[in-house]
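Worksheet: the structure to be examined is printed underneath.
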Amino acid sequence: MSLLGCSAITAVNQRSFIDVKLIGVWEGEYVEESGTVKRWTQTRNADGTYTIDFSFTGLDDTVKSFTESGKWWIRGSLFYEVALPQEGRPDKYQYSFKKKECVSFVLVESDELAEGAGGYAFSECLVTDSPPATIGGSI
């Protein structure tokens, strides 16, 4: 009987969900080893979608900007994010709130990022709450 209970708890812990504390418009910055400064504004919606506006500034002051959109969710204690239209394997991050309005992320797994697991960490701070959205269907 107790074994059945453990498997039920594991199944519940592995369901995907949206952490409402992450909904909103967030800003972050990361300085790469090369000196390039990455800045972004990310909007995470209650329906599990996101948009990020990136700006990369090189040492020569050249700026490259682009936008990414995709899906996000929480499973277990990890934050998952996958850019569309690829929908390949999602990036996985540990996340924690150090301050009420700021969240820290540490990369756990990624096929795309060269920094590798544990070598890429950054914080984002809440700029404004996201407009209300209806949550329906599965992620």
Side-chain angles (χ1 to χ4, degrees):
M1 189 76 168
S2 64
L3 288 178
L4 179 60
C6 289
S7 65
I9 290 169
T10 301
V12 168
N13 287 342
Q14 293 303 312
R15 266 192 214 137
S16 297
F17 68 95
I18 299 298
D19 185 338
V20 296
K21 295 181 298 211
L22 292 169
I23 297 170
V25 179
W26 301 79
E27 289 184 346
E29 182 176 294
Y30 179 81
V31 180
E32 295 181 336
E33 287 183 19
S34 67
T36 298
V37 178
K38 294 183 186 178
R39 289 186 182 91
W40 64 90
T41 300
Q42 179 168 21
T43 302
R44 285 191 207 91
N45 300 303
D47 65 359
T49 61
Y50 74 84
T51 302
I52 308 174
D53 293 317
F54 285 104
S55 173
F56 291 14
T57 305
L59 290 176
D60 60 358
D61 290 327
T62 59
V63 178
K64 296 179 183 176
S65 300
F66 65 96
T67 299
E68 174 184 296
S69 60
K71 296 179 185 178
W72 72 278
W73 64 95
I74 304 300
R75 184 177 303 138
S77 62
L78 296 177
F79 173 88
Y80 288 73
E81 185 175 75
V82 65
L84 298 175
Q86 301 95 303
E87 286 200 64
R89 290 176 34 174
D91 293 339
K92 299 176 190 176
Y93 298 89
Q94 291 177 333
Y95 73 104
S96 60
F97 288 89
K98 304 290 185 194
K99 300 177 191 172
K100 183 179 177 186
E101 303 293 319
C102 295
V103 60
S104 296
F105 293 92
V106 177
L107 181 67
V108 172
E109 183 179 323
S110 174
D111 288 340
E112 299 294 319
L113 297 176
E115 288 87 350
Y120 183 54
F122 59 90
S123 294
E124 295 178 344
C125 293
L126 186 65
V127 176
T128 184
D129 289 330
S130 186
T134 55
I135 300 174
S138 61
I139 299 170

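What you see is a predicted model; the values in this text were computed from it and never measured. Scope of the values below: all heavy atoms of this structure, side chains included, with no hydrogens, waters or symmetry mates.
Between the NZ atom in Lys98 and the SG atom in Cys125 there is a gap of 12.5 Å [rounded to 0.5 Å]. To the nearest 0.5 Å, the span separating CZ on Arg44 from CG on Asp47 amounts to 13.5 Å. Distance NZ/Lys92 to CZ/Phe79: 13.5 Å, rounded to 0.5 Å. Between Ser123 atom OG and Glu27 atom CD the span is 13.5 Å, to the nearest 0.5 Å. Annotation: the span from Thr43 atom OG1 to Tyr50 atom OH amounts to 12.0 Å, rounded to 0.5 Å.
When all heavy atoms of Pro90 and Tyr80 are compared, the closest pair comes out as CG-CD2, 3.7 Å.
Counting only heavy atoms from C-beta outward, the side chains of Gln94 and Leu78 approach each other to under 4.5 Å. Between Trp73 and Val82, some side-chain heavy-atom pair lies under the 4.5 Å cut-off.
When hydrophobic residues (I, L, V, M, F, W, Y) are linked wherever their side-chain heavy atoms come within less than 4.5 Å, the members clustered with Val31 are Val37.
Listed by chain and number, the residues in a ring-ring contact (aromatic ring centres under 6.0 Å, His included) with Phe122 are Trp40, Tyr93, Phe105, Tyr120 (sequence neighbours excluded). Residues satisfying the side chain to side chain contact (heavy atoms under 4.5 Å, CB included) criterion with Lys99, sequence neighbours excluded, are Cys102. Glu68 is linked by a salt bridge (Lys or Arg N to Asp or Glu O under 4.0 Å) to nothing, counting only residues two or more places apart in sequence or in another chain.
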Could you go through residues 54-67 and list every donor-acceptor pair under 3.5 Å that involves a side-chain atom there, pairing it with any protein atom two or more places apart or in another chain?
unit_1	atom_1	unit_2	atom_2	d
Asp60	OD1	Thr62	N	3.1
Asp60	OD1	Thr62	OG1	2.7
Thr67	OG1	Asp53	OD1	2.7

Residues 18-26, side-chain donor-acceptor partners within the protein, below 3.5 Å, at least two apart:
unit_1	atom_1	unit_2	atom_2	d
Asp19	OD1	Lys21	N	3.0
Asp19	OD2	Tyr95	OH	2.7
Trp26	NE1	Leu22	O	2.9

